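First up is the structure itself, then whatever we jot down about it.
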Amino acid sequence: MSATSQVNNTPYLYQQVINLISDMRTNGTLQAGQKLPSLRQLSASLSVSIPTVKQAYFELENQGLINAKAKSGYFLNQESSQLSQPKKARSPLKAITVSRQQLIEDVFNAIHNSSHNVALGVANPVAALPATKALNRTMRRVMAVSGDKALHYGPMNGYEPLRRQLAFGYMDYGMSLSPDDIVITNGAQEALNIALQCVAKAGDIIAVESPCYFGILELIENLGMLALEIPICAEDGLTLKDVQKAIVKHPVKACVFSSTIANPLGCVLQDEVKKDIVELLEQHDIALIEDDVYGDLYFGPKRGTPAQKYSQRGLVLTCSSFSKTAAPGYRIGWIASNKFGAKCAKIKRALSCSSSLINQMTLFEYVRSGEYERHVKQLRQVLLTNKARMINKLHSYFGDDVRISDPQGSCVLWLELPEGSDSSRIFHLALNQNISINPGTLFSPSNRYQHCIRLSYGLPWSDKIESSLKTLAQICQQAKISA
Ligand SMILES: Cc1ncc(COP(=O)(O)O)c(C=O)c1O
């Protein structure tokens, strides 16, 4: 296929040039260190103007993918995945009670009580490309058609057309779910809460990834369960061997895994590994609660398959929401399970009666119209660009002092600072400069990751973000010196 025919599918010409170079880099046609065609050459071969190629090269340079050498031209940089990634932690000796609530509260209060923060500590990818206008328009349409009814209590397990639509969506993976297998919840957080209550009780051992999303730890703490950390690696996530080791040594009742895209590491679990893990867990009667909130924010060629697809015995419960792709404030999520649908619905009723009907109706229309799909597609592109920019800036401000994850989706980076760094102290110093971050210990029940921090690139990119990253690097450097 000629270069010209490959650049035709995106709205902006310079973006088409970027996509072409990125594709050629991914498929190995272009290699690290290789010289790129000159502006004039590429403009002639793609039949686009020189300023268009210049803008694309400028953007690629900003993202750290290429660099300009004086009087020599443009050269392809090394892939960020070939740079140092965070190291895998050691396996734990035992399952433990969790006590992260106070720390989570302190961090939340600090982050959300200030309106001046550069919010690198909040994982809200939609902030990078808000869907506000389209959602407002859709909600007005819903109100015009449904009037008062949209403001009534809705069905306990959720608005039927939305449940049907979600069940239909799983058909893409060859999964057969009925609308009654779906329970609409107040965000994925309530879905995880219900799923945990459905398959486990106080005192049971719940295996989690390490590092893992702190909201899961808070639920385990609240429900009086114990957490067993299974360390995952930044490149590939969980391994079958580590899961096997954990369940042989410990009487695990259930697992909560971000089976598609992990938070905070952003790694993608390959479908074959997922399948093997589901088979293993079901052989041992262990339920898997999959947290799939980031599943649609993938950067690779295709979305990962939900783990539930590989379930033979119905022991997999899928939890997700519209929070990371449309509007976290709508608080609409769901659980999909063809074995536990009725039990989940009962727990949901006891917990919160039902979820906002008007928000469910609006999201149903938003998805049905095709606007949601288009928005998520653009959001992925914006996040991918932000990720490259942030990694590039971090490498230039932090130098070799830091290992940085190379997420294959989602909106967060995991930074491993030199051993001895105190991320709690860095958190407070950064807040004094109006920058919020997440200290690493939030992500482990056993106080691991003291020297790590999580940063979000789910923000509209600006000079302020770049200068905040520079300030953060200085803070980390100072904290190291005075430690
Ligand atoms: C991995 C993960 N799971 C679940 C949630 C909770 O999502 P929601 O806002 O839909 O309750 C979050 C939110 O940050 C998350 O990062």
Side-chain angles (χ1 to χ4, degrees), residues 89-101 103-104 185 187-232 237-240 242-260 262-265 269 274 277-293 306-308 311 313-320 333 335-337 339-340 343-344 347-348 351 441-449:
R90 289 184 319 278
S91 288
L93 296 176
K94 57 182 175 67
I96 53 170
T97 49
V98 182
S99 85
R100 288 294 80 168
Q101 230 154 25
L103 179 63
I104 294 171
T185 58
Q189 190 67 14
E190 189 182 56
L192 291 164
N193 189 3
I194 294 171
L196 273 168
Q197 293 192 43
C198 199
V199 297
K201 58 180 184 330
D204 283 341
I205 296 178
I206 311 298
V208 296
E209 292 148 334
S210 181
C212 104
Y213 165 57
F214 49 81
I216 294 169
L217 298 178
E218 189 163 25
L219 286 174
I220 293 176
E221 177 172 354
N222 235 15
L223 296 170
M225 297 167 183
L226 304 175
L228 176 71
E229 295 175 88
I230 304 184
I232 66 172
L238 276 171
T239 66
L240 180 69
D242 286 334
V243 177
Q244 195 156 27
K245 214 159 75 184
I247 65 172
V248 165
K249 273 199 186 158
H250 307 271
V252 172
K253 182 70 186 175
C255 302
V256 185
F257 296 152
S258 307
S259 50
T260 305
N263 174 7
L265 281 174
L269 192 60
K274 215 179 284 183
I277 291 176
V278 171
E279 274 172 20
L280 174 74
L281 294 178
E282 291 201 329
Q283 274 162 21
H284 290 80
D285 255 332
I286 299 172
L288 169 61
I289 298 168
E290 64 169 330
D291 180 348
D292 202 19
V293 281
Q308 189 169 161
S311 169
R313 299 185 47 213
L315 294 184
V316 181
L317 297 91
T318 307
C319 299
S320 193
I335 306 179
S337 158
K339 187 179 167 95
F340 297 104
K343 189 168 177 191
C344 288
I347 302 173
K348 160 72 184 170
L351 275 181
T441 45
L442 270 184
F443 301 86
S444 157
S446 60
N447 264 331
R448 291 162 187 235
Y449 313 119

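Excluded from the calculations below are hydrogen atoms, water molecules and symmetry mates; all remaining heavy atoms, backbone and side chain alike, are included. Small disclaimer: the values here were computed from a predicted structure and weren't measured.
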Exercise: identify the closest heavy-atom pair between Asp242 and Pro231:
OD2-O, 3.9 Å

Taking the side chain as every heavy atom from C-beta outward, state whether Leu288 and Gln308 have any pair of such atoms under 4.5 Å apart.
no

Suppose we screen for side-chain contact (heavy atoms from CB on, under 4.5 Å). Which residues come up paired with Ile96, at least two apart in sequence or across chains?
Lys94, Pro445, Ser446

Set of residues satisfying salt bridge (Lys or Arg N to Asp or Glu O under 4.0 Å) with respect to Glu290, sequence neighbours excluded:
none

Counting C-beta onward and ignoring hydrogens, is there a side-chain heavy-atom pair between Leu315 and Asp285 closer than 4.5 Å?
yes

Which value, rounded to the nearest 0.5 Å, describes the distance between His250 atom NE2 and Leu226 atom CG?
11.5 Å

Rounded distance [0.5 Å steps], CZ in Arg313 versus CG in Leu281
11.0 Å

Measuring from atom CG of Leu317 to atom CG of Asp292, what distance do you get when rounded to the nearest 0.5 angstrom?
13.0 Å

Find the distance between SG (Cys198) and NZ (Lys339) and round it off to the nearest 0.5 Å.
10.0 Å

Under 3.5 Å: donor-acceptor pair, side chain of Glu209, backbone of Ile232:
no

If you take all heavy atoms of Val293 and Ser320, which pair is closest and at what distance?
CA-OG, 3.8 Å

So which atom in Ile335 and which in Ala191 form the shortest heavy-atom distance, rounded to 0.1 Å?
CD1-O, 3.4 Å

Acceptor/donor pairs from residues 215-223 side chains to any protein atom, 3.5 angstrom cut, sequence neighbours excluded:
unit_1: Glu221; atom_1: OE1; unit_2: Arg100; atom_2: N; d: 2.7
unit_1: Glu221; atom_1: OE1; unit_2: Gln101; atom_2: N; d: 3.0
unit_1: Asn222; atom_1: OD1; unit_2: Gln101; atom_2: NE2; d: 3.1

CA sep, side-chain torsions, deciding dist, call: Asn193, Gln197, side-chain hydrogen bond (donor to acceptor under 3.5 Å, both in side chains):
CA-CA 6 Å; Asn193 189 3; Gln197 293 192 43; 3.0 Å; yes

So CD1 of Ile194 and CG of Leu351: to nearest 0.5 Å the spacing works out to 5.5 Å

Please tell me whether Ser258 and Asn263 have a donor and an acceptor in their side chains that are separated by less than 3.5 angstrom.
no

Please table the atom pairs, donor to acceptor, closer than 3.5 Å between any side-chain atom in residues 200-207 and protein atoms at least two apart or in another chain.
unit_1: Lys201; atom_1: NZ; unit_2: Asp204; atom_2: OD1; d: 3.4
unit_1: Asp204; atom_1: OD2; unit_2: Lys201; atom_2: N; d: 2.8

Can you tell if the side chain of Lys348 reaches within under 4.5 Å of the side chain of Glu190, non-hydrogen atoms only?
yes

For Thr185 and Cys319, run side-chain contact (heavy atoms from CB on, under 4.5 Å): C-alpha distance rounded to whole Å, both residues' side-chain angles, the deciding distance at 0.1 Å, then the answer.
CA-CA 9 Å; Thr185 58; Cys319 299; over 6 Å; no

Heavy-atom pair with the smallest gap, counting every atom of Ser259 and Leu269
O-CB, 3.1 Å

Locate the shortest heavy-atom distance separating Val316 from Ala307; write the atom from each residue and the value.
CG1-C, 4.2 Å

With Phe257 via ring pair (Phe, Tyr, Trp, His ring centres under 6.0 Å) - residues at least two apart
none

Between Ile230 and Lys245, is there a side-chain heavy-atom distance shorter than 4.5 Å?
no

With Ser210 via side-chain contact (heavy atoms from CB on, under 4.5 Å) - residues at least two apart:
Glu229, Arg448, Tyr449

